[in-house]
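Since the structure comes first, as structure tokens, the remarks are kept for the end.
Chain A is the first sequence line, chain B the second, and so forth, proteins listed ahead of strands; every chain is numbered from 1. Because only heavy atoms are used, hydrogens play no part in the values below, and waters and symmetry mates are left out as well, while side chains stay in.
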Number of protein chains: 2
Amino acid sequence: MGGHGHALETLKETGHRLTPQRLLVLEAIAEGGGHMGAEEVLARVQKVYPYMDISTVYRVLGLLEDLGLVTHITTPEGTRYELVRGGERHHHMVCRACGRTWDMSTRFLADLGEAVWKEYRFRADMAHFTLQGICKDCLSADNNPMSGGETP
Amino acid sequence: MGGHGHALETLKETGHRLTPQRLLVLEAIAEGGGHMGAEEVLARVQKVYPYMDISTVYRVLGLLEDLGLVTHITTPEGTRYELVRGGERHHHMVCRACGRTWDMSTRFLADLGEAVWKEYRFRADMAHFTLQGICKDCLSADNNPMSGGETP
DNA sequence: CTAGGTGCAAAGGGTTTGCTACAAC
DNA sequence: GTTGTAGCAAACCCTTTGCACCTAG
């Protein structure tokens, strides 16, 4: 069970029904950890409740997002959803070779966000930030050339 | 006239035919000033050549991208293409409010990539990097609270 | 000439919508 | 009981693909 008890309250307070489907989506996205696609949420829920429909997943995710409980980002791999956790910052580096996720200090993004803010007055959304690349293990494993991958 | 004469050479050198459709797509994307969706490219070309088909647009854009003449980024509003102009490399900031795309100097990501490399030996892939957030216009338009969006 | 490229139509993948039965309150 | 929801199917983008004809080299 994740820390989404607060979410249930929000649902009730805003006059929405507490349906099993909503609980299941909430659980799935809470346990899934990082960014999940709708299809992945569906798969997780269906392990417990096989009748779950993809349209319900989208509707629930949309509702949760309207309530500020979930956000989504657009990536080249498609739309990814995740739980909004108060205060918790999670910046990740995902290795494209081995798929592992590594933690990154918020310091780096603080610098980036601040620099961009000063220069462009653009308020970057760092809440859900994932850097892709190749981790040190995979780099040494095969000396991956990775066309222009270093600092552009 | 756009500076894509170089593109024509690249096409010939790589053994591709110089078709009117390719020239038109090249012109459209050069004159459009970048950040264009396939549909917009199609519209521009069709003003001159109404028979142009969307599938041709995609195929030409794909070819030009393979040749390194064009890049694309993924935004919440869809895929956006732009001409690669020598030297003028940059990254993008996409406003979640108005959907516009803004250019960002590579300098900021260079710093981030380098810092991450030094600290973690993680080789970040900065190609097609897109920062999401709220642009200055939308910030001043309505004083958007943007849940914890500032510099973390 | 002859491969490569185009237009058209149709298929795909992801997301949304209309509808009726159903379940939360 | 009411009304909001879920499931299903079909519609809807956007993008890709198959195929016969056409055209640049």
Residue mapping more 5' on DNA chain D - nearest nucleotide basis, B:K12 or B:I54:
B:I54
Reading DNA chain C from 5' onward, which residue's closest nucleotide shows up sooner: A:H16 or B:L63?
B:L63
Think B:T56 has a side-chain N or O under 4.0 angstrom from the OP1 or OP2 of C:dG7?
yes
Show me the side-chain donor-acceptor pairs of residues 34-44 of chain B shorter than 3.5 Å, one per line, residues at least two apart or across chains.
{"unit_1": "B:H35", "atom_1": "NE2", "unit_2": "B:E82", "atom_2": "OE1", "d": "3.4"}
{"unit_1": "B:H35", "atom_1": "NE2", "unit_2": "B:H92", "atom_2": "NE2", "d": "3.1"}
{"unit_1": "B:H35", "atom_1": "NE2", "unit_2": "B:D103", "atom_2": "OD1", "d": "3.2"}

A:H72 NE2 to C:dG14 C1': how many Å, rounded?
14 Å
Steps toward side chain to side chain contact (heavy atoms under 4.5 Å, CB included) verdict (B:V57, B:M52):
CA-CA 8 Å; B:V57 170; B:M52 185 58 130; 4.1 Å; yes
Tabulated below should be each protein N or O lying under 3.5 Å from an N or O of nucleotides 17-23 of chain C; please produce it.
{"unit_1": "C:dG18", "atom_1": "O6", "unit_2": "A:R59", "atom_2": "NH1", "d": "3.3"}

If you check the A:Q21 side chain, which of C:dT16, D:dA6, C:dG7 turns out closest?
D:dA6
Measure CD/B:E77 against P/C:dT15 and give the value in whole Å, please.
15 Å
Just the rounded figure in Å: distance from C1' of C:dT6 to CE of B:M52.
9 Å
Ignoring backbone atoms, establish whether A:T79 has a side-chain N or O less than 4.0 Å from OP1 or OP2 of C:dT15.
yes
Separation of atom CZ in B:R22 from atom P in C:dG7, rounded to whole Å:
11 Å
